[in-house]
Amino acid sequence: MHIILVGPQGSGKGTQAELLVTKHRIPHVATGDILRAAIKDETALGRQAKVYMDRGELVPDEVVIGIVRERVALPDCRKGFVFDGFPRTIPQAEAFGQVLGQLGIHLDAVVLLEVPRATLLERMAGRRVCRNCGATYHVSLNPPRQDGVCDLCGGELYQRADDNPEAIRNRLEAYDRATRPLIDYYRQRGLLVEVDGIGALEEVADRMERAVQARERKTS
Ligand code: AMP
């Protein structure tokens with residue numbers, strides 16, 4: 001299964017991607033996670049990306065495309081992948097198409113997770129992330145058992161630097177301007193699957209899986 005998840009920040013892409021990759025035993029490739037790891041490790045890439053990320057702006061296409069080109073060529077992506085947060089612009093989608101073509105990989109679907117804007121804002125403002133394992137929580141919608149502590153590994157929970165009101169506004173603006181055009185781009189290629197992202201985690205996951213299977217049946 002080779003799929004891409006598209007949707008605004010806070011639509012639940014990361015959480016849904018985790019459910020899918022655990023079930024199908026395929027890699028979860030999230031460019032945001034790769035960039036945050038580079039910042040934590042204080043690499044040259046991390047220093048370059050941090051300026052954009054803290055403001056909620058997109059990192060330049062050539063930087064992100066370079067990361068993905070290397071990642072997708074690793075053998076674990078042959079059998080499948082879930083891309084989350086990439087592509088985010090038309091040039092990224094075009095470059096990705098070329099790279100996949102060279103590797104002989106065919107996309108099965110591009111899933112668009114749809115969530116109303118008010119819900120996105122609520123989800124982002126209350127999001128907390130584990131500093132150690134990256135698991136995500138929400139202060140009221142999905143709280144950890146102990147305040148500020150990860151249920152899975154005991155790591156410290158923190159609020160992402162870009163989950164502040166100004167960066168959130170910039171990120172949603174970047175989504176509308178640069179990423180939303182991808183919806184038509186993939187619809188025209190017959191790959192788009194639209195899924196309602198409101199509901200319990202498992203319910204949305206089920207909906208997504210059924211929608212992807214329905215698309216596969218239609219095209220096979
Ligand atoms: P995310 O974790 O997907 O919300 O991404 C966090 C931040 O990383 C974004 O606001 C961007 O600054 C940067 N980023 C992640 N993926 C991309 C991408 N495909 N293109 C450009 N910037 C990205």
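FYI, the numbering just counts along the sequence from 1.
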Please report the shortest heavy-atom distance between Tyr175 and Gly7, naming the atom on each side.
CE1-C, 3.4 Å

Quick one: side chain to side chain donor-acceptor pair (under 3.5 Å) partners of Arg207, sequence neighbours excluded?
Glu203

Do Pro87 and Ile4 come within less than 4.5 Å of each other through their side chains, counting heavy atoms only?
yes

Nearest heavy-atom contact between Met53 and Ile39 is SD-CD1, 3.8 Å

Give me each pair satisfying salt bridge (Lys or Arg N to Asp or Glu O under 4.0 Å) with a member in residues 20-29, each pair once, sequence neighbours excluded.
Lys23-Glu209

Check: Arg127 side chain, Thr136 main-chain N or O, donor-acceptor pair, under 3.5 Å
no

Say whether, by atom type as modelled, one donor and one acceptor occur between the side chain of Thr179 and the main chain of Thr89 under 3.5 angstrom.
no

Can you list the residues that meet the side chain to side chain contact (heavy atoms under 4.5 Å, CB included) rule with Glu173, with sequence neighbours excluded?
Arg177

Test item: Asn142 side-chain N/O and Val139 main-chain N/O as donor-acceptor pair under 3.5 Å
no

Would you say Ile34 and Ile65 are hydrophobically clustered, going by side-chain heavy atoms of ILVMFWY under 4.5 Å?
yes

Mind checking what makes side chain to side chain contact (heavy atoms under 4.5 Å, CB included) contact with Asp162, not counting sequence neighbours?
Arg160, Ala167, Arg171

Enumerate the residue pairs fulfilling salt bridge (Lys or Arg N to Asp or Glu O under 4.0 Å) with a member in residues 39-48, sequence neighbours excluded, ordered by first and then second residue.
none

Got more than 12 heavy atoms from elsewhere within 6.0 Å of OH, Tyr52?
no

In the single-linkage hydrophobic clustering (I, L, V, M, F, W, Y; side-chain heavy atoms under 4.5 Å), do Val63 and Ile90 co-cluster?
yes

May I have the step-by-step check of side-chain contact (heavy atoms from CB on, under 4.5 Å) for Ile183 and Glu194, ending in yes or no?
CA-CA 9 Å; Ile183 298 173; Glu194 293 170 71; 5.6 Å; no

Rounded to the nearest 0.5 Å, the CD atom of Glu156 sits from the SG atom of Cys150 at a distance of 11.5 Å

Over all heavy atoms of both residues, which pair between Leu157 and Cys130 is shortest? Give the atoms and the distance, please.
CD2-CA, 3.6 Å

What closest approach, in Å, do Pro27 and Gly80 show between heavy atoms, and which atom pair accounts for it?
CD-O, 3.2 Å

Could you see if Leu19 belongs to whatever hydrophobic cluster contains Val129? Use Ile, Leu, Val, Met, Phe, Trp, Tyr and a side-chain cutoff under 4.5 Å.
no

Val72 versus Cys77, closest heavy-atom pair with distance:
O-CB, 3.5 Å

Shortest non-hydrogen separation from Gly155 to Asn132 and the atoms involved
CA-CB, 4.2 Å

Counterpart residues, ring pair (Phe, Tyr, Trp, His ring centres under 6.0 Å), relative to His138 (two or more places apart):
none

How many angstroms lie between atom NE2 of His2 and atom CG of Leu191, to the nearest 0.5 angstrom?
13.0 Å

Can you tell me how far apart CG (Leu112) and CG (Leu182) are? Round to the nearest 0.5 Å.
10.0 Å

Side-chain (Thr22) to main-chain (Glu18) donor-acceptor, under 3.5 angstrom:
yes

Side chains of Leu172 and Arg117: closer than 4.5 Å at any heavy-atom pair?
yes

Suppose clustering is done on Ile, Leu, Val, Met, Phe, Trp and Tyr with side-chain heavy atoms closer than 4.5 Å. Which residues sit in the same group as Leu5?
Met1, Ile3, Leu20, Val21, Ile26, Val82, Val111, Leu113, Val193, Val195, Val204, Met208, Val212

Decide whether Phe96 and Leu35 are clustered together by the hydrophobic rule: side chain heavy atoms of Ile, Leu, Val, Met, Phe, Trp, Tyr closer than 4.5 Å, transitively.
yes

Measure the acute angle between the ring planes of Phe83 and Phe86, then classify it against the limits of 30° and 60° as parallel, tilted or perpendicular.
tilted

Among the clusters formed by ILVMFWY side chains lying less than 4.5 Å apart, do Leu107 and Leu103 turn up in the same one?
yes

Return the set of residues passing salt bridge (Lys or Arg N to Asp or Glu O under 4.0 Å) with Glu94 (not counting sequence neighbours), or none when no residue passes.
none

Nearest 0.5 Å, what's the CG-NZ distance between Leu45 and Lys50?
13.5 Å

Just to verify, what does Arg145 make a side chain to side chain contact (heavy atoms under 4.5 Å, CB included) with, not counting sequence neighbours?
Asp151

Hey, mind stepping through Arg128 and Asp147 against salt bridge (Lys or Arg N to Asp or Glu O under 4.0 Å) and telling me if it holds?
CA-CA 10 Å; Arg128 298 292 180 271; Asp147 208 21; over 6 Å; no

Gap separating the CE atom of Met124 from the CG atom of Asn164, nearest 0.5 angstrom
11.0 Å

Taking only residues two or more places apart in sequence or in another chain, which ones pass side chain to side chain contact (heavy atoms under 4.5 Å, CB included) with Asn170?
Glu166

Does anything in residues 78-92 pair up under salt bridge (Lys or Arg N to Asp or Glu O under 4.0 Å), and if so which pairs, sequence neighbours excluded?
none

Set of salt bridge (Lys or Arg N to Asp or Glu O under 4.0 Å) partners for Arg180, sequence neighbours left out
Asp176

Begin from the C-alpha positions of Arg215 and Leu192 and carry the test side-chain contact (heavy atoms from CB on, under 4.5 Å) through to its verdict.
CA-CA 9 Å; Arg215 185 196 167 270; Leu192 195 76; over 6 Å; no

